[in-house]
Amino acid sequence: MPVKIASWNVNSLNVRLPHVIEWLDAEKPDILALQETKLPDDRFPADHFSELGYEVLYSGQKTYNGVAILARTHYEIRNPLTDIPGLDDPQRRILAADIGNLRILNLYVVNGQEVGSDKFAYKMHWLDKVTDYVRSDVGVYDYYVILGDFNIAPADEDVHDPDMWRDKILCSVQERSALENIKSLGFKDTFRLFEQPDNSFSWWDYRAAGFRRNLGLRIDLLLANTALAKRCTRAWIDRTPRGWDRPSDHAPVIGEFDLDNAMDVQAR
DNA sequence: ATGGTGGTATGACCA
């Protein structure tokens with residue numbers, strides 16, 4: 001069996017817990033990274049996930065942000081990290097951990113609101129510090145995955161209307177360049193390792209019937225370092241939960257990896 | 001159409 005790794009911005013785990021439980025039961029990922037849990041740690045529903053056979057790690061706050069990692073309990077989660085050097089940030093957007101000889105870095109990248117705004121400057125600074133951290137960390141591990149809501153559409157093919165979105169937030173040259181800086185450290189966008197349908201997106205605005213009309217962006221990514229990318233056997237976006245009642249505005253993104261031996265060595 | 005929806009919290013924010 002391959003190892004299945006997924007990422008999903010749930011836009012409030014409080015509201016979306018039934019969706020996450022149903023999706024875990026259907027897809028049975030080995031590892032699931034969540035973003036926008038919007039829950040302080042003392043309200044994280046860890047018991048619900050342990051009942052389903054998942055160990056959890058979380059870094060949350062009230063109202064905004066919040067990230068978590070779920071991993072099947074036969075894997076041991078080690079070396080958790082919530083803050084990186086040079087970024088003194090109360091916003092809970094970063095969660096890293098080791099599973100076996102795999103490093104997982106779960107990111108809820110800053111949205112940025114509008115190119116040129118204060119929040120955009122924060123986004124670019126935040127990305128710069130995360131890139132520095134990855135540069136310092138990537139050589140330590142055999143396998144390294146960076147996944148999450150990047151709030152950046154890598155290229156025009158990831159945008160439903162590239163001309164309308166040209167140089168807008170999530171699509172600007174500066175943001176795409178920052179993503180390239182991360183990828184230049186040796187990472188592949190696993191989704192693009194395979195032939196994919198045109199107009200494949202992971203986020204659709206709640207407004208203007210974005211999902212029904214497939215007016216979306218692909219901003220949720222699963223980046224794998226070269227060694228891990230070589231073991232990637234499949235990558236896709238599961239649009240199903242986006243069609244459920246009261247959905248998140250994001251769909252889960254998933255990668256499958258031929259990692260059995262690498263993970264088994266370290267599994268407890 | 002310069003809006004629209006949704007979550008949090010119950011005011012405006014954030015997306």
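In what follows, every chain begins at residue 1, and chains take the letters A, B, ... in the order their sequences are listed. Since the structure is predicted, the reported quantities are computational estimates derived from the model, not experimental observations.
For the residue pair Arg103(A)/Tyr143(A), the side-chain donor-acceptor check at 3.5 Å is not satisfied. Looking only at atom types and distance, the side chain of Glu180(A) has no donor-acceptor partner in the side chain of Ser177(A) under 3.5 Å away. Of the N and O atoms on the side chains of Asp238(A) and Thr240(A), at least one donor lies less than 3.5 Å from an acceptor on the other residue.
A gap of 16 Å separates the C1' atoms of dT10(B) and dC14(B), to the nearest Å. Remark: the separation of the C1' atoms in dG7(B) and dG11(B) is 14 Å, to the nearest Å. Taking atom P on both nucleotides, dT2(B) is separated from dA12(B) by 23 Å, rounded to a whole Å. For the C1' atoms, the distance from dT5(B) to dA1(B) is 15 Å, rounded to whole Å. Nucleotides dA15(B) and dA9(B), compared at atom C1', are 16 Å apart to the nearest Å.
Arg246(A) has no side-chain polar atom (N or O) that falls below the 4.0 Å cut-off from OP1 or OP2 of dT5(B). Between Thr63(A) and the phosphate of dC13(B), there is no side-chain N or O to OP1/OP2 separation shorter than 4.0 Å. Within the structure, a side-chain polar atom (N or O) of Ser12(A) is placed less than 4.0 Å from OP1 or OP2 of dT8(B).
In the hydrophobic clustering of ILVMFWY residues, with side-chain heavy atoms under 4.5 Å counting as a link, Ile69(A) and Leu13(A) come out apart. Under the 4.5 Å side-chain heavy-atom criterion for Ile, Leu, Val, Met, Phe, Trp and Tyr, Leu17(A) and Leu24(A) are members of the same hydrophobic cluster.
Classification of the Phe211(A)-Trp204(A) ring pair by plane angle, with boundaries at 30° and 60°, yields perpendicular.
The interatomic distance linking Arg207(A) (CZ) with dG6(B) (P) rounds to 11 Å, in whole Å. Going from atom CG of Asp249(A) over to atom P of dT5(B) covers 14 Å, rounded to whole Å. Rounding to whole angstrom units, CG of residue Leu17(A) and P of dT8(B) are separated by 12 Å. Per the geometry, CG belonging to Leu215(A) stands 17 Å off P belonging to dG4(B), to the nearest Å. Between Lys62(A) atom NZ and dG11(B) atom C1' the separation is 12 Å, expressed in whole Å. dG7(B) atom P lies 12 Å from atom CG of Asp245(A), rounded to whole Å. As a whole-Å value, the separation of Arg92(A) CZ from dC14(B) P is 18 Å. Regarding Tyr206(A), its OH atom lies at a distance of 13 Å from the P atom of dT5(B), rounded to whole Å.
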How far apart are the C-alpha atoms of Tyr75(A) and Asp98(A), what are their side-chain angles, what is the distance that settles it, and do they pass the side chain to side chain donor-acceptor pair (under 3.5 Å) test? CA-CA 10 Å; Tyr75(A) 297 124; Asp98(A) 299 349; over 6 Å; no

Could you go step by step and tell me if Lys129(A) and Asp132(A) meet the side chain to side chain contact (heavy atoms under 4.5 Å, CB included) rule? CA-CA 5 Å; Lys129(A) 293 302 174 187; Asp132(A) 286 346; 4.3 Å; yes

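Aromatic pair Tyr144(A)/Phe187(A): centroids less than 6.0 angstrom apart.
Taking a 4.0 Å limit (strictly below) on heavy-atom distances, residues 155-164 of chain A does not reach DNA chain B anywhere.
Looking at the side chain of Asn111(A), the nearest of the listed nucleotides dG7(B), dA15(B), dC14(B) is dA15(B). Minimum atom distance to the side chain of Tyr64(A) is reached by dC13(B), of the listed dT5(B), dA15(B), dC13(B). Distances from the side chain of Asn11(A) to the nucleotides dG7(B), dA9(B), dC14(B) place dG7(B) closest. Considering only the side chain of Lys119(A), dA15(B) comes nearest among dG7(B), dA15(B), dA9(B).
Remark: Lys62(A) does not engage Asp41(A) in a salt bridge, criterion side-chain N to carboxylate O under 4.0 Å.
When heavy atoms are screened at a 4.0 angstrom cut-off, Arg93(A) is found touching the sugar-phosphate backbone but no base atom. Within 4.0 Å (heavy atoms only), Phe211(A) reaches no atom of the nucleic acid at all.
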Which string of ( ) [ ] | and . matches DNA chain B, if you list each base 5' to 3' and count Watson-Crick or G-U pairs only when both distances are under 3.5 Å? ....((((...))))

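Nearest-nucleotide assignment on DNA chain B puts the 5′-proximal partner with Asn14(A), out of Asn14(A) and Glu36(A).
The cationic group of Arg246(A) does not satisfy the cation-pi geometry with Trp244(A), failing either the under 6.0 Å distance to the six-membered ring centre or the 45° limit from the ring axis.
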